[in-house]
Amino acid sequence: MTAPTFRDAENLSAYLDEQLPRGIATRLQQRLDSDPQLGAVYEQLRQARHLLRQLPARRAPRNFTLTPKMAGLKAPTPRAVPVFRFASLLASLLLLLTFAANNLSALSVPSMAAASVTAYNAAGMEAPLEQSQPPEASAAPMLAAPALPEASAAPTTTPELLRMDPAPADKLAPQNESPRFTGFIPAWVQLGLLAGAILTALAGWLLHQKASADFTRKNPQ
Amino acid sequence: MNETALIQDAQRGDLEAFNRLVLHYQDAIYNTALRILGDEDRAADATQEAFLSAFRSLNSYRGGSFKAWLMRTVTNACYDELRRQKRRPTTPLEPENDDEETLESPRWLADSSMGPEEQFAAAELEHAIQHCLNALPADFRTVVVLADLQGLDYAEIAAAVHTPLGTIKSRLARARLRLRACLQDFGELLPAPFRLDSDTEIASVERSRA
């Protein structure tokens, strides 16, 4: 019979908790039956455990339940909300594009018009010049009709030139008056896009608000 | 209460299901924190922190004893609190009166279901045990609280405190022997039913460890 060691105390403590393997527990039980010192240590461990188990359990001083805010939870976003948001964004972008397209085309139209008018004027200015020629050409035969065959050919073209319309007066002086341009994209399309952008954004916001309200009702703070 | 179903719902983000689990376990978690920390306010803080941490890491729970898993979170919260406590001034466990004297029979232990004598005995016993628990190193204290107050088995304690099974067995035996010795010192101050016999074995057993 030897004095109990700390290893014995470890085994006795585990034996007390029924955490020892069966073989070791049996051998320890046999030693306990024959060794009063070991029995005394066992009794001390048992008393300590018994006292600890007498410790009154306290009730929690308050409830420790979590609120959605504490848990970092947010109201779930309805599936339609991102669709509405995307539609609103798309409509807004298209609206901006229509404005940009109209403005760009409005800027480019005067120069195009000027170019076409210049070209047309060039043609139009020739006509008066040619128109002014017939009197001279018609005078030529009187002066030297047989001697100038080129001049005699001139009167043959004169009626065609005369029939040619002069350039319109309003196109003769485009520099002084810019044309009125209303744009390629009609206003009703722009209005439709604007309404679409606003309505889809509003629908998304309303759906989100409703989901938040439902979530708050279900999970009061 | 269908615990498994509640855990699964909570893992899917159902806070109501998780809160039902909180209500079921909050007393056990609070008592564990109270015995490890020895202070009511800090225990309440650690309990709240433990449940918050448990909700956030609920998906890491892979079955087994949910109570043991919760004990792991509260143990971690308590260790964090103890680390903070080292960096801050501490307040005494025992409530004091206006003259800064420790009250003999604290009002905060009063239980209306007990008679005055029983209340006094319970308060004295609690005071003695908590005093002796506080005298233990935190690692020993945690093991003895989980084993003897919460009834966890060694494997559950080992998982809760991330410590090998052999170390748990050793810490528990040493903690019990030290507690027994400490409570022995209270002698006549302990309520009569809980007074311990005198002995000389503990010191020799503790010496054999050294």
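Convention: sequence-line order gives letters A, B, ...; per-chain numbering from 1.
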Does Arg178(B) qualify as a cation-pi partner of Phe140(B), given the criterion of NZ or CZ under 6.0 Å from the six-membered ring centre and within 45 degrees of its axis? no
At a heavy-atom separation under 4.5 Å, does Leu12(A) approach chain B through its side chain, its backbone, both, or neither? neither
Of Arg62(A), Gln19(A), Arg59(A), Arg53(A), the largest count of non-hydrogen pairs under 4.5 angstrom with chain B goes to Gln19(A)
Closest non-hydrogen contact found for Arg180(B) with Ala48(A) is CB-CB, 3.9 Å
Pair count under 4.5 Å, heavy atoms only, with chain B: among Ala60(A), Ala71(A), Ala57(A), Gly72(A), highest is Ala60(A)
Might you point out which heavy atoms bring Ile29(B) and Ala50(B) nearest each other, and give the distance in Å? CG2-CB, 4.5 Å
Between Glu10(A) and Ala173(B), is there a donor-acceptor pair closer than 3.5 Å when you use the side chain of the first and the backbone of the second? no
Closest heavy-atom pair and its distance - Phe55(B), Ala10(B): CE1-O, 4.2 Å
Answer key: most heavy-atom pairs under 4.5 Å with chain A among Lys169(B), Arg35(B), Gln26(B), Arg20(B) is Gln26(B)
As a quick check of understanding, evaluate salt bridge (charged side-chain N to carboxylate O under 4.0 Å, His left out) for Arg58(A) and Glu40(B), giving each step before the final call. CA-CA 10 Å; Arg58(A) 297 277 198 92; Glu40(B) 289 178 310; 2.8 Å; yes
Heavy-atom closest contact (Arg176(B) atom, Leu45(A) atom, distance): CB-CD2, 3.6 Å
With rounding to the nearest 0.5 angstrom, report the CG to CZ distance, Leu21(B) to Phe51(B). 9.0 Å
By a 4.5 Å heavy-atom criterion (distance strictly below it), what part of Leu20(A) contacts chain B: side chain, backbone, both, or neither? side chain
Taking every heavy atom of Ala158(B) against every heavy atom of Pro164(B), the minimum-distance pair comes out as CB-C, 4.4 Å
Highest number of heavy-atom pairs under 4.5 Å with chain A: which of Leu23(B), Asp27(B), Val22(B)? Asp27(B)
In residues 141-152 of chain B, which residues are in contact with chain A at a heavy-atom separation under 4.5 Å? Val144(B), Ala147(B), Asp148(B), Leu149(B)
